[in-house]
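Chain identifiers are assigned alphabetically (A, B, ...) following the order of the sequence lines, protein sequences preceding nucleic acid strands; residue numbering begins at 1 within each chain.
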Protein chains: 2
Amino acid sequence: MAGKITIQDIAQLAGVSKTTVSRVLNERPDVNPETRERILQIMDQQGFFPSLAAAGLAGGRSRLIGALVSVSHWPLIPEIMKGITEVIDQSPYELVLYSVNASNDKKDFSEVIDRILATKLTAGILAIYPGQSASHLAELCREGFPVVMFDDQVNPPEDISWVGADQRTGAYEATRHLLQQGHRRIAHIQGPLKYQVSLDRYNGYCDALTEAGIELDPELVLQGDFMPTGGKECTTQLLTALGKRPTAIFVASDLMAYGALSTITECGLRVPDDIALIGYDDIPFSMHAQPALTTVRQPFYEMGKCSIELLLRMIDPPETKVRSWNHKSALRPQSDIAAPVLPMSPVHIKLSTNLVVRASCGAIQPVQ
Amino acid sequence: MAGKITIQDIAQLAGVSKTTVSRVLNERPDVNPETRERILQIMDQQGFFPSLAAAGLAGGRSRLIGALVSVSHWPLIPEIMKGITEVIDQSPYELVLYSVNASNDKKDFSEVIDRILATKLTAGILAIYPGQSASHLAELCREGFPVVMFDDQVNPPEDISWVGADQRTGAYEATRHLLQQGHRRIAHIQGPLKYQVSLDRYNGYCDALTEAGIELDPELVLQGDFMPTGGKECTTQLLTALGKRPTAIFVASDLMAYGALSTITECGLRVPDDIALIGYDDIPFSMHAQPALTTVRQPFYEMGKCSIELLLRMIDPPETKVRSWNHKSALRPQSDIAAPVLPMSPVHIKLSTNLVVRASCGAIQPVQ
DNA sequence: CTGTTAGCGCGTTCAT
DNA sequence: ATGAACGCGCTAACAG
């Protein structure tokens, strides 16, 4: 409810100097317990919160985390955000949202990144599906700026931390499931090949085929765009291929699977009876599709949580927790180019996906 | 690319004082055009951006906008955000995202609001579906703090600005459409009655019925929770009601409509042949449902855009644009309680919805 | 038109 | 264990 009380005010009410108040604010151990209590009480009795802006300025750090999201991935964002905000809520940090237009994929992202850096607003960056900008981010990373990629770029700069999901295994399991249902002609609709995930999923598909001793039929592999429209187009192509229609399709995204579903239905065919379908992502809606979509679940919520936790750890290394203040001083004393403080070597976390079997793959009778 | 250059640096390179640099930064008219050009050039040649934190601190204002979103509305958020971020991108402001757990509906929201206020981090608040916290927000508003509600609370505090959609008309049109298809027994699955939108939509439904001279059958109106599960439950109830099954259902949210759809299908009935269905919202997925869902489109993107534009205008009144700097000074000179600067009377904007006719209502043959 | 002088609210040295 | 003084990067008064 309160408005704009400052450290100063608290200091007066408590009959101490602002320095002392500042100390309890920063949880310094060297404050008289009684004084601390008194100050603490006055603080929340007055509803006092320190100004993030001023604290950041003075302390040379910031309590803001920048989250970069490209609009083209919006359908996946809610779940991710849920994980992220949950962690942020428990921390002293706030989230600044930077949205990037997918249009000029490369340029836009970098531009925003530069701006973020230059305004020195945020203490770190969480880049959600940065795509082509990965290399730009890696550079930052090398300069010691905390960055975590939410993605699956397995080959790019190894010196950047990321959290992703095990795409290849996920795709493998999906395909194998289809194989186990007796399917032999299994098509695959890929995502754009410029994304590593598309490759990974394709490889998983191949793995399963190989394992089953089935030769890859190039005609059954089409490249889509991760969007419903692409799914429709590829499916149409698949269905009109004379004579040798697939009996199952492993689609590299739920969104494309929706497109496939409608195309199949419009052609008078039925899922899963005529064609079995498995998607990828398990976005919230997929369980409500008709028929419910079997899909590979990416643990978005967990990934979000994990990535932000990692970033927070990079920014505030846990440091042995005990009497650490004495050494904390000197924040880049007078060096011109910031001395890389990078306290952790890059961390790569790959969470596992798992197959969610529903009606669209034919393994389940539409019960319940 | 650059790192941490300051106004100071620019000033030196340009051979002027920081004050002058600051002036061009703030687009003051009183700077020598040549000097301005030179400085401008040096600035972006050095990739300089002023520190938001410092600028905010010094100027007594902030370049951050707080966006409050409750997690229970995530499915609708992406579209809204798209509109919001697009506007933000074109402005000197950044977006701080505050996520609120829906659990303690009331308490959580207010808590966050207080914190936002206290940290003085943001220049204004955009509250997306604040629900029960509306009154708390109104209070802020009265104190002169810029607030805009993204919502449809028609009855609550009139002194708070909001942008919403014309729910009643939307519902009316949907119901009328069903009526025009010849349906007489039209059920309605409502949202929770604690929300104004639920009432509005219900009223629209009644309007259409009344207009058609049909008496309202209370048994055909059920209260859901806006979620798929609620849709399923209500639909089940509707279908098992002996003897007098409705031939059409107007569902107050797409999410609930998905639940209805699956329940109907599971009962061996078909949409739209046995039961016609119309949803509400037109969330991105609805066009890909099977059958494609007829629904009332809420212009989320436009509403997002509109609401943030309104907020920005409240924060920076357009002021006649010409030579306004002279008077801009004195930001609450020495008053203790901030003198309400509130430059605009509350604005209420209601955008219109529109019926998107697809397959689920039976008006269109599954062509294309 | 431009430079000079003060702070904004806080963290962080030094002292004590 | 505590206080005084200085500065973070910038804007805002005041003089020239």
- [ ] Let me know the distance between CG of L25(A) and C1' of dG9(C), rounded to the nearest Å.
- [x] 11 Å

- [ ] Nearest whole angstrom, please: distance from the P of dG9(D) to the CG of D9(B).
- [x] 9 Å

Task: Spacing between Q8(B) atom CD and dC10(D) atom P, to the nearest angstrom - done: 9 Å

Task: Inter-residue atom distance Y93(A).OH - I88(A).CD1, 0.5 Å rounding - done: 9.0 Å

TODO: Identify, with sequence neighbours excluded, every residue that meets ring pair (Phe, Tyr, Trp, His ring centres under 6.0 Å) alongside Y98(B).
DONE: none

Task: Between P of dG11(C) and CZ of R61(A), the distance in whole Å - done: 7 Å

TODO: Compare side-chain N and O positions of S22(B) against OP1 and OP2 of dC10(D) and report whether any pair is under 4.0 Å apart.
DONE: no

Open item on the list: Whole angstroms only, please: what is the CG-C1' distance between L57(A) and dC10(D)?
Closed with: 8 Å

Open item on the list: Does the plane of the ring in F150(B) sit parallel, tilted or perpendicular to the ring in Y129(B)? Use 30° and 60° as the thresholds.
Closed with: perpendicular

Task: Consecutive Watson-Crick or G-U pairs in runs of at least 3, all under 3.5 Å, in which DNA chain C is involved - done: C:1-3 with D:14-16, C:6-16 with D:1-11

Open item on the list: Let me confirm one number: the CZ-CE distance from R38(A) to M43(A), rounded to the nearest 0.5 Å.
Closed with: 12.5 Å

- [ ] From the options I84(A), D151(A), V148(A), select the one residue that forms a side chain to side chain contact (heavy atoms under 4.5 Å, CB included) with I128(A).
- [x] I84(A)

Task: salt_bridge(E86(A), K305(A)) N-O dist < 4.0 Å - done: yes

Open item on the list: Test side-chain contact (heavy atoms from CB on, under 4.5 Å) on L97(B) and M81(A); report intermediate values, then the result.
Closed with: CA-CA 10 Å; L97(B) 191 67; M81(A) 275 300 168; 4.1 Å; yes

TODO: Using the side chain to side chain contact (heavy atoms under 4.5 Å, CB included) rule, pick out the option among I7(A), L25(A), T6(A) that qualifies with P50(A).
DONE: L25(A)

Task: Rounded distance (Å) that lies between atom P of dC10(D) and atom CD of E27(B) - done: 16 Å

TODO: Measure the distance from CZ on R28(B) to P on dC1(C) and round it to the nearest whole Å.
DONE: 14 Å

TODO: Report yes or no: does S307(A) contribute a side-chain atom to a donor-acceptor pair with the main-chain N or O of M303(A) at less than 3.5 Å?
DONE: yes

Detail all sub-3.5 Å separations between protein N/O atoms and N/O atoms belonging to nucleotides 2-4 of chain C.
{"residue": "dT2(C)", "atom": "OP1", "partner": "T35(B)", "partner atom": "OG1", "Å": "3.0"}
{"residue": "dT2(C)", "atom": "OP2", "partner": "N32(B)", "partner atom": "N", "Å": "2.7"}
{"residue": "dG3(C)", "atom": "OP2", "partner": "S17(B)", "partner atom": "N", "Å": "3.2"}
{"residue": "dG3(C)", "atom": "OP2", "partner": "S17(B)", "partner atom": "OG", "Å": "3.3"}
{"residue": "dG3(C)", "atom": "OP2", "partner": "T20(B)", "partner atom": "OG1", "Å": "2.6"}
{"residue": "dG3(C)", "atom": "N7", "partner": "R23(B)", "partner atom": "NH2", "Å": "2.7"}
{"residue": "dT4(C)", "atom": "O4", "partner": "T19(B)", "partner atom": "OG1", "Å": "3.0"}

